[in-house]
Protein chains: 2
Amino acid sequence: MSKLYGKSKREIAELLRSKDIHPTAQRIEMAWCLLSRPQHLSADEIRLMLNQEYEQVSQATVYNNLKLFAKKGVVQELIVSSDRIYYDSNPNPHHHFLDLDTGKIEDIPNCALQISQMNINACIEDVSVIVKGRRKQLDLEQVHP
Amino acid sequence: MSKLYGKSKREIAELLRSKDIHPTAQRIEMAWCLLSRPQHLSADEIRLMLNQEYEQVSQATVYNNLKLFAKKGVVQELIVSSDRIYYDSNPNPHHHFLDLDTGKIEDIPNCALQISQMNINACIEDVSVIVKGRRKQLDLEQVHP
DNA sequence: CTGCTTGCAAAGGCTTTGCAGAACA
DNA sequence: TGTTCTGCAAAGCCTTTGCAAGCAG
């Protein structure tokens with residue numbers, strides 16, 4: 001399995017093809033931007049990032065392709081608040097921490113959270129854990145600035 | 001601690017007062033309906049239930065009071081899909097199962113799901129687990145009708 | 001040439017809000 | 001009498017969709 005992040009655009013095109021997605025210029029830009037590192041972005045954040053210098057991708061295309069990416073397993077839709085959908089550049093199963101102070105979403109490493117028991121009479125397709133909290137202030141200077 | 005469900009309207013009024021909510025007619029109807037049993041309802045489902053026979057509560061009031069109930073801990077906001085917010089009549093911490101066939105949300109008893117390990121450097125305020133899956137067909141007649 | 005994509009604009013759906021009138025203490 | 005609450009209508013916001021034009025194989 002190749003690296004997850006920091007792919008070249010050529011590699012991105014290949015990844016898209018491998019997921020049965022026709023690699024158009026817009027899609028390559030979007031995936032390249034999203035998959036540059038672990039991150040959690042809304043459709044609008046992605047559109048703004050892409051169009052900073054000049055208009056590269058339209059709003060409709062951003063929305064449509066994000067849905068497509070999620071369906072094909074390139075990224076993961078993340079439902080943490082009711083305002084908007086976030087897209088997680090890590091498509092593999094893992095859990096999330098929402099920092100209530102900053103609103104930022106972070107991945108929880110699988111080693112940091114384990115579900116020990118699950119007695120549910122069903123074919124389970126997905127388990128998502130969302131932990132909400134506030135980062136501890138380890139730095140005393142923040143208390144006495 | 002008194003029973004959670006099936007309260008009389010008088011008891012509902014008392015519950016609301018205990019949560020620092022002025023018990024108006026509309027609020028009592030809403031809470032009485034919601035807290036009649038364990039359930040997960042959207043704002044619109046609640047409005048429809050309340051107004052089946054005659055207009056009791058307006059849309060704006062339903063939305064405003066649900067937000068108020070959630071803030072005061074009478075019910076719990078449930079974010080499982082991006083389309084709408086659900087309100088859970090059980091305000092205590094627990095987890096949820098989403099049936100992908102029916103779209104119905106069910107509570108997962110705490111005994112059926114346990115998190116064994118959680119190494120997160122933060123003050124945790126909430127942990128929500130959403131399990132998505134399909135109920136197993138235990139009835140063979142459904143396979144050979 | 002044909003099917004897929006893009007992008008604009010409009011529509012859709014849920015939720016929030018401004019405001020006037022009603023209810024209540 | 002003053003504050004709180006309700007309800008109507010409109011606005012807001014994110015997202016989806018219809019459709020014509022563009023692009024690619």
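Protein chains get the first letters and strands the later ones, always in sequence-line order, with residue 1 at the start of each.
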Interatomic distance where [atom1] belongs to [X] and [atom2] belongs to [N] [whole Å]:
{"X": "B/Y86", "N": "C/dC14", "atom1": "OH", "atom2": "C1'", "result": "12 Å"}
{"X": "B/R47", "N": "C/dC14", "atom1": "CZ", "atom2": "C1'", "result": "12 Å"}
{"X": "A/L66", "N": "D/dT15", "atom1": "CG", "atom2": "P", "result": "9 Å"}
{"X": "B/R17", "N": "C/dA25", "atom1": "CZ", "atom2": "C1'", "result": "13 Å"}
{"X": "B/M30", "N": "D/dG7", "atom1": "CE", "atom2": "P", "result": "11 Å"}
{"X": "A/N51", "N": "C/dG7", "atom1": "CG", "atom2": "C1'", "result": "12 Å"}
{"X": "A/I28", "N": "C/dT5", "atom1": "CD1", "atom2": "C1'", "result": "13 Å"}
{"X": "A/Y63", "N": "D/dT17", "atom1": "OH", "atom2": "P", "result": "13 Å"}

Q: Please figure out whether A/T61 or B/A60 has its closest DNA chain C nucleotide nearer the 5' end.
A: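 The residue mapped nearer the 5' terminus is A/T61.
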
Q | A/K67 side chain near D/dT16 phosphate (N/O to OP1/OP2, under 4.0 Å) | A |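 Yes.
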
Q.
Measuring to OP1 and OP2 of C/dT6, would you say a side-chain N or O of A/T24 lies under 4.0 angstrom away?
A.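 A/T24 to C/dT6 OP1/OP2: side-chain N or O found under 4.0 Å.
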
Q. Will you find, in the side chains of A/D107 and A/H94, an N or O donor that is under 3.5 Å from an N or O acceptor?
A.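 Looking only at side-chain atoms, A/H94 and A/D107 do form a donor-acceptor pair, the distance falling under 3.5 Å.
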
So if I take every side-chain heavy atom of [X] and compare against [options], which nucleotide ends up nearest?
{"X": "B/V57", "options": "C/dT16, D/dT15, D/dG7", "answer": "D/dG7"}
{"X": "A/R84", "options": "D/dT15, D/dG7, C/dT6", "answer": "D/dT15"}
{"X": "B/Q59", "options": "C/dG7, D/dA9, D/dT15", "answer": "D/dA9"}

Q) If you find the nucleotide of DNA chain D closest to A/H22 and the one closest to B/L68, which residue's nucleotide is nearer the 5' end? A)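 Whichever sits nearer the 5' end wins; that is B/L68.
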
(Q) Closer than 3.5 angstrom, by distance alone: can the side chain of A/N51 be matched with the main-chain N or O of A/V57 as a donor-acceptor pair? (A)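 Present.
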
Q. Side chain of A/S116, backbone of B/Q114: donor and acceptor closer than 3.5 Å?
A.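 Yes; at least one donor-acceptor contact below 3.5 Å.
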
Q | Student check: side-chain heavy atoms of A/L34 and A/L66 closer than 4.5 Å | A |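 Yes, side chains in contact.
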
Q.
Grouping I, L, V, M, F, W and Y whenever their side-chain heavy atoms are under 4.5 Å apart, do A/I105 and A/I108 come out in a common cluster?
A.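 No; tracing contacts between hydrophobic side chains, which count when under 4.5 Å, never links both residues.
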
(Q) Using a 4.0 Å heavy-atom cut-off, does A/N64 contact any base of the nucleic acid, only the sugar-phosphate backbone, or nothing at all? (A)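 Contact class for A/N64: base.
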
